[in-house]
Protein chains: 2
Amino acid sequence: MATGRKATGKKAAATSVPDGVVTLEMVAEEAGVSPSTVSRILNGTAKVRESKVRAVRAAISKLQFQPNPVARSLARGRSMSVGVVIQAIDSPFYGEALAAIEKGLFRAGYSVLFLSGHWREDDERRCVEHLLARRVEGIILVTSCLPDAELVRLAKQVPIVLTGRSIEAERSYSMDADSTPGARLATEYLIGQGHRKIAFIAGPADHPDSQQRLNGYKAALANAKIAYSAKLVVPGDYTDGGGHLAMNRLLDSKSEFTAVFAANDQMAYGAMLALHRRGLRVPQNVSVVGFDDLPTSSYIIPPLTTVHRSINELGEAAAEAMIDLLDGRVPVSKQSSATLAIRESTKPLRH
Amino acid sequence: MATGRKATGKKAAATSVPDGVVTLEMVAEEAGVSPSTVSRILNGTAKVRESKVRAVRAAISKLQFQPNPVARSLARGRSMSVGVVIQAIDSPFYGEALAAIEKGLFRAGYSVLFLSGHWREDDERRCVEHLLARRVEGIILVTSCLPDAELVRLAKQVPIVLTGRSIEAERSYSMDADSTPGARLATEYLIGQGHRKIAFIAGPADHPDSQQRLNGYKAALANAKIAYSAKLVVPGDYTDGGGHLAMNRLLDSKSEFTAVFAANDQMAYGAMLALHRRGLRVPQNVSVVGFDDLPTSSYIIPPLTTVHRSINELGEAAAEAMIDLLDGRVPVSKQSSATLAIRESTKPLRH
DNA sequence: ACCGATTTGGAAAGCGCTTTCAAAAGTAGC
DNA sequence: GCTACTTTTGAAAGCGCTTTCCAAATCGGT
C-alpha cells in the first residue's frame with residue numbers, strides 16, 4: 001500500500017534480462033557487431049551479412065530490446081507523431097471521428113497527440129502551439145475555429161488537414177465534406193412528403209458547416225418554389241439544450257410549421273422533447289429530421305430520420321490524407337456522399 | 001494546388017528569424033553565453049547573474065526559440081507524455097472522461113497519447129505495448145479488459161491508474177469508483193416508489209463494473225426483503241442495441257415487472273424504445289432507470305431518471321492521481337459519490 | 001595470383017538538450 | 001593585499017539512435 005520501494009539506484013545487478021532499459025549498444029555488444037550494424041538491420045538501410053543479421057536478431061530477442069523512439073526521433077529529426085485538435089471530444093460525433101483518425105494513424109506508425117479546443121479560438125490556438133512545440137509532424141484540425149489566414153500561415157509550418165473547412169494552401173488538405181447536399185436532401189425529403197412549412201433549427205451562425213446546412217435548406221425550398229421565411233429559422237448551438245430552446249422559441253413565435261429540420265441530431269433531440277412537452281407528437285403533428293445520424297438516433301423515441309454521413313469514413317480519410325501529406329504525396333479526395341436514414345420521426349403530411 | 005515547392009534544402013539564407021529550427025546553442029551564441037547557461041535559465045536549475053538572464057531572455061524572444069522536447073526528453077530520460085487507453089472513444093461516457101484526463105495532464109505539461117482498445121483484450125495489450133515502446137511515463141487505463149495479473153506486472157514497469165477496476169500493486173492507483181452504491185441507490189429509489197417487480201438489464205458479465213451494478217441491485221432487493229428472481233435479470237452489452245434486445249427478451253419471457261433498471265443509459269434508451277414498440281409507456285406502464293447520466297439523458301423522451309456520477313470529476317481525478325504517481329506522491333483517494341438524477345422516466349407504482 | 005569494382009561494417013560525428021566537473025569570479029575576513 | 005570560501009559559468013560528456021565516411025573484406029576477371 002505505502003510508497004514502498006523507492007527508485008532503485010541506476011546500477012542494479014545485471015541479470016540476463018537487464019533490469020533497466022536495453023540500448024542498441026548493448027545489443028551490438030551481445031551480437032558482437034557495431035551499433036551501426038544493428039541500426040542498419042533495424043531500419044533495413046543497408047545490406048548486412050545474413051549471419052550477422054541472425055546474431056543481431058537473436059540478441060534483440062534475448063535482451064528484449066525495443067528501440068527508444070525518443071532517441072530515434074532526435075536522430076532522425078522526425079517525431080512520428082501527429083496532432084489532432086478536436087472541439088468537443090465528449091460529443092459522440094467527434095468521438096467517432098477521433099477513433100477513426102487514431103486507428104488510421106496508429107496503423108501507419110504514428111502516435112496521435114490529441115487536444116480539444118472547446119470551440120474557443122484561443123484554446124485552439126494554444127493547442128496548436130503546444131503541438132508545434134511538441135514537434136508533431138502534422139496537425140489534423142477537426143472543425144477548426146481559427147480564421148483562414150491563420151490556418152494558411154500554419155500550413156506553411158506543418159502539413160495540416162482540415163475537416164469541415166476549406167482553405168487554399170500547399171501541404172494542406174481540406175476535407176470540406178460540404179453539408180449543403182445533405183441538408184438539401186433532408187429538406188427535399190420533407191417537401192416530398194408534402195410539407196410546405198418547414199422550420200429550420202440552425203447551428204452557430206459563424207460556422208461554415210452550419211451555414212452550409214442552412215444553404216441546403218434554402219436551396220431545397222427554392223427548388224420547390226417555396227418561399228423562404230426567416231421566421232421559420234431559429235438559431236441553435238448544436239447542443240441538445242440549444243435545440244430545446246430553439247423549438248420553444250419557435251413554438252412561442254406562433255409560426256406555423258408541420259416539419260422541422262434540425263442542423264444536427266442533438267438539437268433534434270432537444271426539439272423533440274420541447275414538442276413533447278407541449279403535447280405535440282412526432283411525427284403525427286410535426287415531422288423532425290436531424291443531421292449526423294448519431295448511433296443513438298436509431299434508438300431514440302421515435303427513431304430519428306436523419307442525414308447520414310459515415311463519420312468513420314471521414315476520420316479514416318483524414319488520417320489517410322495526413323499520411324499522404326507526410327509522405328509527400330498529394331491526397332486524393334474521395335468524397336462520400338450523404339444519404340438519408342429514413343426512420344420514424346417523419347411522415348407524409350396529409351391534406 | 002499542385003505539390004509546389006519541395007523541401008527547401010537545409011541551408012537556407014539566414015534571416016533575423018531563422019528559417020529553420022532555432023536551437024539552444026543559437027540562443028547561447030546570440031546572448032554571448034554558453035549553452036549550459038541557457039539551459040540553466042530555461043530550467044531554473046541554478047542561479048544565473050541577472051544581466052545574463054536578461055540577455056538570454058532577449059535572445060530567446062528575438063529568435064523565437066522553443067526548446068525541442070524530443071531532445072529534452074532524451075537528455076532527461078523523461079518523455080513527458082502519458083498514455084491513455086480507453087475502450088470506446090465514441091461513447092459519450094468515455095469521451096467525457098478522456099476530455100477531463102486530457103485537460104488535467106495538459107495543465108501539468110504532459111502530452112497524452114491516447115489509444116482505444118475496443119473492448120478487446122488483444123487490442124488493449126497491443127496498445128499498452130505501443131505506449132511502453134513510446135516510453136510514456138505512465139498509463140491510464142479506463143476500464144481495462146486485461147487480467148489482474150497482467151496489470152500487476154504492468155504496474156512494475158510503469159505507474160498506472162485504473163478506473164473501474166482495482167488491483168493491489170505499488171506505483172498504481174485504482175479508482176474503482178464502485179458502482180455498487182449507485183446501483184443500490186437506483187434500485188432503492190424504485191422500491192421506494194412502490195415497485196416490487198424490478199427487472200435488471202445487466203452489462204457484460206465479465207465486467208467488474210457491471211457485476212457491481214448487479215450487486216447493488218441485489219443488495220437493495222435483499223434489504224427490502226424482496227426475493228431476487230433470475231428471470232428478471234437479462235444480459236446486455238452496454239449498447240443501445242443491446243438494451244433493445246434485452247428488453248425484447250424480457251418482454252417475450254412474459255415475466256412481470258413494473259420497473260426496469262438498466263446498467264447504463266444507453267441500454268435504457270434501447271429498452272425504452274422496445275417498450276414503446278410494444279405499446280408500453282414509460283413511466284405510466286413501466287418505470288425505467290439508467291446509470292451514467294449521459295448528457296443526452298436529460299433530453300430523451302421521457303427524460304431519464306438515472307444514476308449520476310461526475311464523469312468529469314472521475315477523469316480529473318485520474319489525471320491528478322497520475323501526476324501524483326509521477327511525482328512520487330501517493331495519490332489521495334477522493335471518492336465522489338453517486339447521486340440519482342430523478343427525471344420523468346419513473347413514477348410511483350399505484351396499487 | 002593480382003587489380004579494380006563492389007559490398008560490408010566499424011568509427012565517429014551528430015541530433016538538441018541536460019548535467020557533472022572543475023575553473024573563474026566574487027566575497028569576506030584578517 | 002592575500003587566503004579561504006562561496007557563487008557563477010563554461011567545457012565537455014553524455015542520452016540512444018542514425019548516418020556519413022572510409023577502411024576492410026569480398027568478388028569477378030584475367
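Below, read A as the first sequence line, B as the second, and so on, with proteins coming before strands; counting in each chain starts at 1.
Terminal axes of the helix from C:dA1-D:dT30 to C:dC30-D:dG1 (five pairs each, C1' rotation axis) are separated by 40°, to the nearest 10°.
A close approach under 4.0 Å does occur between a side-chain nitrogen or oxygen of A:R72 and OP1 or OP2 of D:dT18. Considering only side-chain N and O atoms, A:K52 lies under 4.0 angstrom from the phosphate OP1 or OP2 of C:dG10. Under 4.0 angstrom from either OP1 or OP2 of C:dT18 there lies at least one side-chain N or O belonging to B:N43.
B:S116 contributes no side-chain N or O that, together with a main-chain N or O of B:I89, makes up a donor-acceptor pair within less than 3.5 Å. Between the side chain of A:S144 and the backbone N or O of A:L141, no donor-acceptor pair lies under 3.5 Å.
Among A:R49, A:R54, A:E50, the one residue that satisfies the side-chain contact (heavy atoms from CB on, under 4.5 Å) test with A:K52 is A:R49. Of the candidates B:V158, B:L115, B:L146, B:V128 forms a side-chain contact (heavy atoms from CB on, under 4.5 Å) with just one, namely B:L146.
Atom CD1 in A:I60 sits about 13 Å away from atom C1' in D:dC17, given to the nearest Å. D:dC17 atom P lies 11 Å from atom CD of A:Q66, rounded to whole Å. When rounded to the nearest whole Å, the span between CD1 of B:I41 and P of C:dT19 equals 15 Å.
Comparing D:dT8, D:dG16, C:dT18 by their nearest atom to the side chain of B:R49 picks out D:dT8. Of the candidates D:dT19, C:dT8, C:dG16, C:dT8 carries the atom nearest the A:K47 side chain, counting heavy atoms from C-beta on.
Residues that satisfy the side chain to side chain contact (heavy atoms under 4.5 Å, CB included) test with B:Y110, not counting sequence neighbours, are B:R78, B:M80, B:V82, B:L105, B:A108, B:E137, B:L326, B:D327.
Among the atoms of the strands shown, none is found under 4.0 Å from any heavy atom of A:P69.
For the pair A:E129 and A:R125, the salt-bridge criterion is not met [side-chain N within less than 4.0 Å of a carboxylate O].
DNA chain D is contacted by A:S36, A:S39, A:R40 of residues 29-40 of chain A, taking any non-hydrogen atom closer than 4.0 Å.
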